[in-house]
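First the structure, in the form of structure tokens, and then the observations on it.
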Amino acid sequence: ALADATLPPQFRCLQMAALEVGGRQIQNRGTIGGNLCNASPAADGVPALLALDAEVELSSLRGTRRLALADFLQAPRRTALLPDELLTAVIVPHATGDARSHFIKLGARRYQLISIVMVAGVVERVGGRVTRARLAVGSCSAVALRLPELEAALIGGACTEALGGVVTSTHLCKLAPIDDIRADAEYRRETAHVLVSRLLSELGSGA
């Protein structure tokens, strides 16, 4: 339903991520709320929602509170959800400019896979120049992370394919990938660099 919905262009990254969750059976049964509350470092919806500046609404008999998604996700399989709370909404702010978004996932096969690395981004532009950028990487840390230093470096740049060349290893230094059965840490780190660069080139060229 999410993938097929008519949504503003900024949501394209989330719609692309929705089509990468498991297979069709899981996509038809699963929810964004479940994807978030499961709190896997490889949850496909998380980088896209981080790039969308999402907040979550948490409700109980005591009332309702809102948290930034980055504060809600605390560690693998651990969230800020209290025992008596339900996640009742995901709130995404309006884009302030002409927004583009994109999502890239690397895995060992096309369906029913756990991500090796995934990246999502939203770029807003005015007059052909970047006014705001939000980028996130998943499967490379205990929780998916935004890249604030890189986001800041993009501001004011021409929104062209050359955006991909802005990325440096310093911009990714906060990532803390692990070795596991799917990939080793060094491969994940190098691949994250490649995918973020590719993502920005796609956004700059009109993805």
Side-chain angles (χ1 to χ4, degrees), residues 1-22 27 32 35-36 41-54 69-70 90 92-107 110-111 113-141 143-168 171-172 174-175 188-207:
L2 175 62
D4 292 340
T6 301
L7 296 170
Q10 74 185 96
F11 286 93
R12 183 169 184 263
C13 60
L14 183 59
Q15 292 181 293
M16 294 172 73
L19 291 173
E20 298 285 352
V21 178
Q27 290 167 17
I32 286 293
N35 202 234
L36 297 182
D44 294 306
V46 172
L49 286 167
L50 285 173
L52 287 165
D53 255 352
L69 180 58
V90 178
V92 175
H94 288 286
T96 56
D98 178 16
R100 299 172 173 177
S101 74
H102 199 54
F103 173 84
I104 303 175
K105 172 176 174 174
L106 175 67
R110 183 65 184 85
Y111 293 107
L113 63 95
I114 298 175
S115 301
I116 295 173
V117 179
M118 55 186 158
V119 298
V122 178
V123 168
E124 297 175 24
R125 60 190 183 130
V126 173
R129 295 201 168 269
V130 178
T131 56
R132 193 177 183 204
R134 301 186 298 279
L135 306 164
V137 178
S139 288
C140 284
S141 300
V143 294
L145 294 177
R146 288 270 296 267
L147 303 175
E149 292 83 4
L150 177 56
E151 293 171 2
L154 293 167
I155 303 302
C159 198
T160 68
E161 192 173 347
L163 282 182
V166 176
V167 189
T168 69
H171 293 137
L172 305 178
K174 290 183 180 178
L175 300 181
R188 280 193 163 98
R189 189 177 296 279
E190 291 180 8
T191 302
H193 191 142
V194 171
L195 293 188
V196 170
S197 179
R198 188 177 299 168
L199 178 95
L200 287 172
S201 293
E202 291 283 347
L203 289 171
S205 62

When you compare the side chain of V143 with that of V46, does any pair of heavy atoms fall below 4.5 Å? no
I'd like to know if the side chain of S139 and the backbone of S115 have a donor-acceptor N/O pair within less than 3.5 Å. yes
Out of curiosity, K105 NZ to E20 CD, how far, rounded to the nearest 0.5 Å? 5.5 Å
CD (E149) with more than 12 external heavy atoms under 6.0 Å: yes
Which pair of heavy atoms, one from A158 and one from L163, lies closest together, and at what distance? O-CD2, 3.5 Å
Could you please spell out the steps behind the side-chain contact (heavy atoms from CB on, under 4.5 Å) verdict for L154 and L135? CA-CA 11 Å; L154 293 167; L135 306 164; 3.8 Å; yes
Under 3.5 Å, is there a donor-acceptor pair between the side chain of Q10 and the main chain of L52? no
H193 versus V167: any side-chain heavy-atom pair under 4.5 Å? yes
Rounded to the nearest 0.5 Å, what separates atom CE in M118 from atom SG in C13? 12.0 Å
If you define the side chain from C-beta out and look only at heavy atoms, does anything of R134 sit under 4.5 Å from E124? yes
Nearest heavy-atom contact between A120 and L199 is C-CD2, 3.8 Å
Working to the nearest 0.5 angstrom, can you tell me the gap between L2 CG and F11 CZ? 9.0 Å
Note, V122 side chain near D53 side chain (heavy atom, < 4.5 Å): no
Mind listing the closest non-hydrogen atom pair of M16 and F103 along with its distance? CE-O, 3.2 Å
For T168, enumerate each residue passing the side chain to side chain donor-acceptor pair (under 3.5 Å) test, keeping only those at least two apart in sequence or located in another chain. H171
Taking all heavy atoms of L50 and all of A136, pick out the closest pair and write down the distance. CB-CB, 3.9 Å
R129 side chain to G156 backbone, donor-acceptor under 3.5 Å: yes
Would the distance check show the side chain of S101 and the main-chain N or O of P9 forming a donor-acceptor pair, the cut-off being under 3.5 Å? yes
Could you grab the distance from atom CG of L150 to atom NZ of K174, nearest 0.5 Å is fine? 12.0 Å
Considering all heavy atoms of both residues, which atom of S201 and which atom of G164 are nearest to each other, and what is their separation? OG-CA, 3.4 Å
Gap separating the CG atom of D98 from the CZ atom of R125, nearest 0.5 angstrom: 4.0 Å
Side-chain contact, heavy-atom cut-off 4.5 Å: I32 with L14? yes
Quick one, L145 and V137 - any side-chain contact, counting heavy atoms below 4.5 Å? no
With a 6.0 Å cut-off (strictly less than), is the heavy-atom count around CZ of R198, excluding the residue itself, greater than 12? no
For V117 and A192, which heavy atoms make the closest approach, and how far apart are they? CG1-CA, 3.9 Å
